[in-house]
Amino acid sequence: MRTTKPYMLGFIGCGHMGMAIARGCAASDYIERFRILVYDHHQENMKTAKEERFGLAASEKEVAEKSHIVVLAMTPAKADAALNAIKDAHPECVLSIVTGLSIAHMQEVLGEDTMIIRAMPNTPLQIQSGATALCMSSNCKADEYDFVFQMFEEMGTARTIPEDKMNDIVAVHGSVPAYIYYFVQCILEDAVSRGIDEESARALLVQTVVGSGELLQRDKNKPLSDFIDEVATKGGTTIEAVNAFKEKNLADVIHEANERCIKKAEELSH
């Protein structure tokens with residue numbers, strides 16, 4: 001992908017997720033640090049970007065003028081202000097990780113000729129173990145989309161989905177790290193309440209989560225029920241716990257949680 005811009009990737013907003021992507025790109029050597037430009041209203045985030053040896057911009061417009069792909073990485077409430085700040089710079093390609101910010105709305109502000117890519121990533125990107133869902137505008141060139149798709153593949157796993165599923169997919173991987181952390185927190189607190197040493201319980205619990213994930217990754221076609229049955233054998237201890245989950249309708253709890261998550265994403269959409 002050829003460009004005359006001095007920076008390949010320019011971030012407008014570089015909080016937790018924006019910094020995770022920038023760090024992931026640099027750590028994987030997919031983009032050199034000096035080809036990444038950052039602007040953020042928060043000085044603490046700019047300080048972090050400087051420590052990471054990324055380029056620093058003085059405004060949103062400067063990012064758009066100097067970067068081939070402009071990454072929008074702010075909260076939904078601040079997205080319109082950012083779009084209006086860069087529209088006169090006529091960005092070539094915009095990569096948005098803003099929940100609910102539609103391709104149509106971005107092109108309405110920036111112009112229909114602006115190439116748009118939407119991404120729903122998650123924070124494990126910073127250790128090259130992330131998951132990202134992507135979609136693109138009809139005018140997006142293959143070179144730009146392939147570059148962004150491969151960028152996220154270098155930081156974990158990426159998949160292309162229809163734009164009308166971008167809100168729903170948040171409950172598949174975007175918000176799920178928090179689900180997992182909360183589940184781990186609940187188990188750990190229960191263990192401590194039973195008198196188990198917190199450090200030992202956490203070490204064993206975290207490794208169990210990591211190991212279980214690696215087993216799922218190793219055999220991607222194996223039915224999930226088989227994994228459960230290997231641990232929850234008939235007449236054993238684990239099956240009693242699984243039965244408790246079923247009796248309390250854990251599946252319904254998860255469904256309700258996802259419904260609320262998706263509803264909020266839809267409320268933020270424009």
Side-chain angles (χ1 to χ4, degrees), residues 15-21 23-24 73 75-76 97-101 118-135 152-153 155-159 161-162 164-194 196 198 201-220 222-232 238-269:
H16 293 299
M17 187 57 72
M19 187 58 70
I21 296 172
R23 283 172 170 159
T75 62
I97 65 168
V98 181
T99 301
L101 190 60
R118 288 185 62 187
M120 175 62 69
N122 60 22
T123 51
L125 287 172
Q126 58 194 310
I127 57 169
Q128 288 76 59
S129 294
T132 305
L134 297 154
C135 65
F152 284 110
E153 275 278 286
M155 294 182 278
T157 297
R159 292 292 185 272
I161 67 167
D164 63 7
K165 297 301 179 185
M166 287 296 281
N167 286 336
D168 299 84
I169 205 72
V170 69
V172 173
H173 74 290
S175 298
V176 169
Y179 296 14
I180 294 171
Y181 302 146
Y182 183 65
F183 187 63
V184 169
Q185 179 182 330
C186 289
I187 296 175
L188 182 60
E189 288 176 350
D190 186 67
V192 173
S193 75
R194 298 174 189 280
I196 299 174
E198 182 173 356
R202 178 164 178 162
L204 293 169
L205 178 55
V206 170
Q207 183 55 47
T208 298
V209 173
V210 172
S212 299
E214 289 180 350
L215 284 175
L216 287 171
Q217 187 74 275
R218 183 177 298 176
D219 197 344
K220 298 178 182 179
K222 183 176 178 178
L224 293 174
S225 58
D226 287 358
F227 285 102
I228 297 170
D229 291 343
E230 288 174 359
V231 185
T238 308
I239 192 65
E240 293 300 318
V242 173
N243 286 338
F245 290 148
K246 291 179 179 179
E247 290 165 10
K248 295 295 184 180
N249 291 318
L250 179 60
D252 287 346
V253 172
I254 292 172
H255 179 75
E256 174 62 21
N258 287 343
E259 285 289 299
R260 293 190 189 187
C261 186
I262 293 167
K263 181 181 179 181
K264 184 63 177 179
E266 290 171 348
E267 289 173 356
L268 294 170
S269 296

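The local environment of CD in Glu266 is crowded, with over 12 non-hydrogen atoms from other residues, nucleotides or ligands closer than 6.0 Å. Residue-environment remark: NZ (Lys263) stays at or below the threshold of 12 foreign heavy atoms within 6.0 Å.
Checked against Met166 for a side chain to side chain contact (heavy atoms under 4.5 Å, CB included), the options Leu134, Thr99, Leu101, Ile161 give a single hit: Ile161.
Summarising the geometry, atom CD belonging to Glu230 is positioned 8.0 Å from atom CG belonging to Leu215; distances are rounded to the nearest 0.5 Å. Residue Ile262 holds its CD1 atom at 8.0 Å from CG of Asn167, rounded to the nearest 0.5 Å. Rounding to the nearest 0.5 Å gives a distance of 7.0 Å between CG of Leu224 and CZ of Phe227. Rounded to the nearest 0.5 angstrom, Glu198 CD and Leu205 CG are separated by 11.0 Å.
Val184 approaches Val209 most closely through the heavy-atom pair CG2-CG2, 3.8 Å. Among all heavy-atom pairs drawn from Ala201 and Ile196, the shortest one is CB-CG2, 3.9 Å. For the residue pair Pro177 and Pro124, the shortest heavy atom distance occurs at CG-CD, 4.3 Å. Taking all atoms of both residues into account, the shortest heavy-atom contact from Val170 to Ala265 is CG1-CB, 4.4 Å. The two residues Thr132 and Ala119 make their nearest non-hydrogen contact at CG2-CB, 4.0 Å.
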*Apply side-chain contact (heavy atoms from CB on, under 4.5 Å) to the pair Ile169 and Lys165, showing each step before the final yes or no.*
CA-CA 6 Å; Ile169 205 72; Lys165 297 301 179 185; 5.6 Å; no

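Taking the side chain as every heavy atom from C-beta outward, Ser212 and Leu216 never approach each other to under 4.5 Å. Side-chain atoms of Glu153 and Arg159, non-hydrogen and from C-beta on, do get closer than 4.5 Å to each other. Side-chain atoms of Val176 and Asn122, non-hydrogen and from C-beta on, never get closer than 4.5 Å to each other. No side-chain heavy atom of Val253 sits less than 4.5 Å from a side-chain heavy atom of Lys248.
A side chain to side chain donor-acceptor pair (under 3.5 Å) check over residues 169-191, counting only residues at least two apart or in different chains, returns the pairs Tyr179-Asn258, Gln185-Glu189, Asp190-Arg194.
Residues that satisfy the salt bridge (Lys or Arg N to Asp or Glu O under 4.0 Å) test with Arg23, not counting sequence neighbours, are Glu52.
Salt-bridge annotation for Arg260 and Glu256: present, with a side-chain N of the basic residue lying under 4.0 Å from a carboxylate O of the acidic one.
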